[in-house]
Amino acid sequence: QSFNQAAEKIFGFRADEVVGVNVSILMPGEISRHHDEYLARYQRTKEAHVIGIGRETTGRRRDGEEFPVELSVSEISKDGRPLYVGLLRDLSERNRVDRMKREFISTVSHELRTPLTVLKTQLALAERNTEPQQTQSLVTAARQTTDDAVRLTEQLLAMTRAEHAPEMHS
């Protein structure tokens with residue numbers, strides 16, 4: 001019965017294309033096919049799977065692209081008839097950022113593991129070595145490797161702080 005500007009932007013439909021049409025137009029295949037039977041079952045039994053609960057699910061844009069959404073549906077009554085109000089949030093950007101964070105953490109973990117493994121090896125060799133000149137060389141290499149690991153850690157912390165810093169407005 002209504003479709004606001006935010007919904008137009010998210011789904012790519014104009015309000016006049018959606019108002020009066022079954023809401024399942026905004027849902028992908030399997031979800032869309034079962035929407036009407038779910039609603040009829042809810043109206044008969046009041047057994048809720050979405051209404052009044054909220055959950056993550058999938059939406060479908062005008063161009064057919066499927067995307068993750070957080071959906072909350074509430075039931076209200078108007079003139080004795082049930083009406084359903086759906087609020088949703090497009091989770092595409094959040095999921096993209098989460099994926100980038102996981103990839104970044106994986107890369108940083110690998111980049112830190114390498115110098116730390118080298119450092120451990122250098123220190124083990126220095127422990128077993130009896131020649132002072134060679135031991136000094138291993139200790140120097142270990143210190144340089146430690147400096148590299150510290151620098152990587154500082155870069156990671158700087159990036160984390162920048163990500164959580166409040167935006168500056170001029």
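Worth saying up front: this structure is predicted, and the values here are computed from it rather than measured.
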> Examine the side chains of Q136 and T140 and answer whether a donor and an acceptor come within less than 3.5 Å of each other.
yes
> Y42, V85: one ILVMFWY side-chain cluster at the under-4.5 Å cut-off?
no
> Among all residues two or more places apart in sequence or in another chain, which pass the side chain to side chain contact (heavy atoms under 4.5 Å, CB included) test with P115?
T145, A149, L152
> What is the minimum heavy-atom distance between V19 and Q1, and which atoms define it?
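Looking at all heavy atoms of both residues, the shortest contact is CG1-O, 3.6 Å.
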> Do E70 and R55 have side chains that get closer than 4.5 Å, going by heavy atoms?
no
> Is it the case that the side chain of D79 and the backbone of R81 share a donor-acceptor pair, with hydrogens and angles ignored and the cut-off at 3.5 Å?
no
> Looking at I10, is its backbone amide N or carbonyl O close enough to the side chain of R61 to form a donor-acceptor pair, meaning the two atoms are under 3.5 Å apart?
yes
> Within a strict 4.5 Å, meaning less than it, do heavy atoms of the I31 and Y38 side chains meet?
no
> Set out, in order, the CA-CA distance, both residues' side-chain angles and the distance that settles side chain to side chain contact (heavy atoms under 4.5 Å, CB included) for F13 and L26, then state yes or no.
CA-CA 9 Å; F13 286 100; L26 307 175; 3.8 Å; yes
> With a 4.0 Å cut-off on N to O distance, would you call R14 and E17 a salt bridge?
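Salt bridge present between R14 and E17.
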> With the 4.5 Å side-chain cut-off for hydrophobic clustering, are V139 and V150 part of the same group?
no
> With salt bridge (Lys or Arg N to Asp or Glu O under 4.0 Å) as the criterion, how do E154 and R151 come out once you've worked through the C-alpha distance, each side chain's angles and the decisive distance to 0.1 Å?
CA-CA 5 Å; E154 287 171 351; R151 196 170 19 265; over 6 Å; no
> Start with the C-alpha gap between L91 and E56, add the side-chain angles, then the distance that decides, and say whether side chain to side chain contact (heavy atoms under 4.5 Å, CB included) holds.
CA-CA 9 Å; L91 299 177; E56 286 189 22; 3.6 Å; yes
> Testing the basics here: between R60 and I25, what is the closest heavy-atom pair and its distance to 0.1 Å?
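Residues R60 and I25, closest heavy atoms: NH2-O, 2.9 Å.
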> Are any of the side-chain nitrogens in D147 or R143 under 4.0 Å away from the carboxylate oxygens of its partner?
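Counted as a salt bridge, because a side-chain N and a carboxylate O are separated by less than 4.0 Å.
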> Quick check: closest heavy atoms across S32 and M27, and the distance to 0.1 Å?
CB-O, 3.5 Å
> I'd like to know whether NZ of K46 has more than 12 heavy-atom contacts from other residues, nucleotides or ligands below 6.0 angstrom.
yes
> Quick one: closest heavy-atom pair of I53 and A48, and the distance?
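Residues I53 and A48, closest heavy atoms: CD1-O, 3.3 Å.
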> May I have all residue pairs that pass ring-ring contact (aromatic ring centres under 6.0 Å, His included) and include part of residues 95-121, sequence neighbours excluded?
none
> Could you go through N22 and H35, starting from their C-alpha distance and side-chain angles, then the distance that decides it, and tell me whether this counts as side chain to side chain contact (heavy atoms under 4.5 Å, CB included)?
CA-CA 9 Å; N22 190 313; H35 173 263; 3.7 Å; yes
> Of all the heavy-atom pairs spanning Q122 and A142, show the shortest one and how long it is.
OE1-CA, 3.1 Å
> Working to the nearest 0.5 angstrom, can you tell me the gap between M100 CE and N95 CG?
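M100 CE to N95 CG: 13.0 Å, rounded to 0.5 Å.
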> Consider only side-chain heavy atoms of I, L, V, M, F, W and Y, link residues closer than 4.5 Å, and tell whether L125 and L116 are in one cluster.
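Hydrophobic grouping puts L125 apart from L116.
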> L123, L112: one ILVMFWY side-chain cluster at the under-4.5 Å cut-off?
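They do not share one cluster, since no chain of ILVMFWY contacts under 4.5 Å joins L123 to L112.
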> For the OG atom of S24 and the CG atom of D36, what is their distance to the nearest 0.5 Å?
5.5 Å
> When rounded to the nearest 0.5 angstrom, what is the spacing between CG in L119 and CD in Q144?
11.5 Å
> Could you tell me the separation between the CG atom of L83 and the OG atom of S74, rounded to the nearest 0.5 Å?
12.0 Å
> Spell out, yes or no, whether L71 and F67 are grouped together once hydrophobic residues are joined by side-chain heavy atoms under 4.5 Å, including indirect joins.
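Per the 4.5 Å side-chain linkage, L71 and F67 are co-clustered.
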> Would R62 count as a cation-pi partner of F11, with NZ or CZ less than 6.0 Å from the six-membered ring centre and within 45° of the ring normal?
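Not satisfied by the 6.0 Å and 45° rule.
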